[in-house]
Number of protein chains: 2
Amino acid sequence: MATTEPIPDADRPGRTGFLLARAGGRAIRSLNRALEPFGLRSRHYTVLSASAARGGLSQRELGEILGVDPSAVVALVDDLERAGLVRRDPHPDDRRTRLVVVTAAGQVTLAETRELARRVDDGLLAALTPTERATLETLLERLTDPS
Amino acid sequence: MATTEPIPDADRPGRTGFLLARAGGRAIRSLNRALEPFGLRSRHYTVLSASAARGGLSQRELGEILGVDPSAVVALVDDLERAGLVRRDPHPDDRRTRLVVVTAAGQVTLAETRELARRVDDGLLAALTPTERATLETLLERLTDPS
DNA sequence: TATTGTTATACTCTATAACTATA
DNA sequence: TATAGTTATAGAGTATAACAATA
């Protein structure tokens, strides 16, 4: 069966998008597995991490950062609030918006899960040198944040 | 260390995985939208493209390439077969396996959708120079195919 | 015994529309 | 009129286990 010849790269439109999708899927699944003991999933970690980093974000802002629909943010914050990891505080200037703030318990969980996330990334990117890894991250940032 | 201070940009564990997931999600959604007129989705295109490139693949091989569960491959090939774009041919040496082969109609659809995929990739990667784009692709290949 | 494909199933994720309360 | 959040819902994606046919 002569089906294993290499395919010329020029003949693979959509290949970069496919590689991104496959790598992204693996990243999500790896982190989901690692977070299982905490009853959390990748998205929960990202909400927690982003909220802590910015010291309180509106759900709209979270949705933009995550690239997720506002209705999905509601469900994620519901989960985290039920687990006592975040609060929904009133916004000082706008009574429509609610600031998602990480609680003390959330900070503890975040510290623990950060270690897991670091290890998951290390695993995913094990084939790259530190320099290459930094290059990849820079290119990915530029992809989605052109300015 | 106070627990409420913002996290510096350099210290965001899981950030690369997150960027991969976000970029991958955008790639999938963009291609899905572009393929809508054909009644196909990203995964269908990838199955079609991979099968054509290798001149017939078993469903197990497709699953490995796509990073998808065998049961999901069944559904994808069902869709494509129903649309007349692929056939399931018997494997000459192993009566358990079925080779997914692109039909003449499938080749036509593939030619048309390749153009779409190319344009979707161009849009996603518009912020990068050709050299950077090649670098990104190389790094992504190394991520998931270390050898 | 192990593997390929298949079915069934349950759960997660994504996207949309409609609603409320505010602005 | 427009925006932030919410609810409900349907469709797509993912993962698992169990099974028949074949190796």
Side-chain angles (χ1 to χ4, degrees), chain A residues 1 18 21-36 39-47 51 56-82 86-101, chain B residues 18 21-22 24-33 35-36 38-47 51 56-82 86-101:
Chain A
M1 190 165 56
F18 163 69
R22 195 174 59 169
R26 286 183 181 168
I28 290 171
R29 285 192 292 274
S30 293
L31 188 53
N32 280 348
R33 272 183 222 277
L35 291 174
E36 217 164 26
L40 300 175
R41 315 193 38 95
S42 317
R43 290 262 149 88
H44 296 123
Y45 171 75
T46 317
V47 169
S51 304
L57 283 170
S58 75
Q59 298 185 192
R60 184 191 52 75
E61 288 172 312
L62 278 170
E64 275 170 18
I65 291 170
L66 303 185
V68 162
D69 200 78
S71 63
V73 177
V74 172
L76 291 169
V77 175
D78 279 351
D79 293 340
L80 291 170
E81 199 177 38
R82 209 175 299 118
V86 303
R87 282 194 319 271
R88 284 193 241 234
D89 282 356
H91 190 287
D93 302 333
D94 187 336
R95 280 191 295 168
R96 291 174 306 181
T97 77
R98 315 178 69 177
L99 291 178
V100 177
V101 178
Chain B
F18 163 69
R22 196 174 59 168
R26 288 184 180 166
I28 290 172
R29 284 192 293 273
S30 293
L31 188 54
N32 280 348
R33 274 183 221 278
L35 291 174
E36 217 164 26
F38 290 84
L40 300 176
R41 310 186 52 86
S42 316
R43 289 264 148 86
H44 295 123
Y45 171 75
T46 317
V47 169
S51 303
L57 284 169
S58 76
Q59 300 187 188
R60 184 191 52 73
E61 287 172 312
L62 278 171
E64 274 170 17
I65 291 172
L66 303 185
V68 162
D69 199 79
S71 63
V73 177
V74 173
L76 290 169
V77 174
D78 279 351
D79 293 340
L80 291 170
E81 198 176 38
R82 210 174 298 119
V86 302
R87 283 195 319 270
R88 283 192 240 233
D89 281 357
H91 189 287
D93 302 334
D94 186 339
R95 279 191 296 168
R96 291 174 305 179
T97 77
R98 316 177 67 177
L99 290 178
V100 177
V101 177

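In what follows, every heavy atom counts, from backbone to side chain, and hydrogens, waters and symmetry copies are set aside. Letters go in sequence order (proteins before strands), and every chain restarts at 1.
Looking at residues two or more places apart in sequence or on another chain, you find no salt bridge (charged side-chain N to carboxylate O under 4.0 Å, His left out) involving A:R29. A:E64 pairs by the side-chain contact (heavy atoms from CB on, under 4.5 Å) definition with A:R60, not counting sequence neighbours. Taking B:D69 as the reference, nothing meets the salt bridge (charged side-chain N to carboxylate O under 4.0 Å, His left out) condition, with sequence neighbours excluded. Every residue two or more places apart in sequence or in another chain that forms a side-chain contact (heavy atoms from CB on, under 4.5 Å) with A:R98 is listed here: A:R88. In terms of the side-chain contact (heavy atoms from CB on, under 4.5 Å) criterion, residue partners of B:I28 (sequence neighbours excluded) are, by chain and number, A:A21, B:N32, B:S42. Take A:T46 and apply the side-chain contact (heavy atoms from CB on, under 4.5 Å) test, not counting sequence neighbours, and it matches A:L66, B:F18. Checked against salt bridge (charged side-chain N to carboxylate O under 4.0 Å, His left out), B:R41 has no partners two or more places apart in sequence or in another chain.
The residue among A:D93 and A:V68 whose nearest nucleotide of DNA chain C is located toward the 5' end is A:V68.
Spacing between atom CG of A:N32 and atom C1' of D:dT14 amounts to 10 Å, rounded to whole angstrom units. Remark: P of D:dT14 and CZ of A:R41 are 12 Å apart, rounded to the nearest angstrom. A:R29 has its CZ atom 10 Å from the P atom of D:dT16, to the nearest Å. When rounded to the nearest whole Å, the span between CZ of A:R22 and C1' of D:dG13 equals 17 Å.
Note that the CG atom of B:L35 and the OH atom of B:Y45 stand 8.5 Å from one another [nearest 0.5 Å].
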I'd like a table of atom pairs between the protein and nucleotides 2-8 of chain D - only N or O on both sides, under 3.5 Å - with the distance next to each one.
| residue | atom | partner | partner atom | Å |
| --- | --- | --- | --- | --- |
| D:dT3 | O4' | A:R96 | NH1 | 3.4 |
| D:dT3 | O2 | A:R96 | NH1 | 2.7 |
| D:dA4 | OP1 | A:R60 | NE | 2.5 |
| D:dG5 | OP1 | A:Q59 | N | 3.0 |
| D:dG5 | OP1 | A:R98 | N | 3.2 |
| D:dG5 | OP1 | A:R98 | O | 3.3 |
| D:dG5 | OP2 | A:Q59 | N | 3.4 |
| D:dG5 | OP2 | A:R60 | N | 2.5 |
| D:dT6 | OP1 | A:R88 | NH1 | 3.2 |
| D:dT6 | OP1 | A:R98 | NH1 | 2.6 |
| D:dT6 | OP2 | A:Q59 | OE1 | 2.9 |
| D:dT6 | OP2 | A:Q59 | NE2 | 2.5 |
| D:dT6 | OP2 | A:R88 | NH1 | 2.8 |

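Nucleotides of DNA chain C that come within less than 4.0 Å of any heavy atom of chain B span, from the 5' end to the 3' end, C:dT3 to C:dA15.
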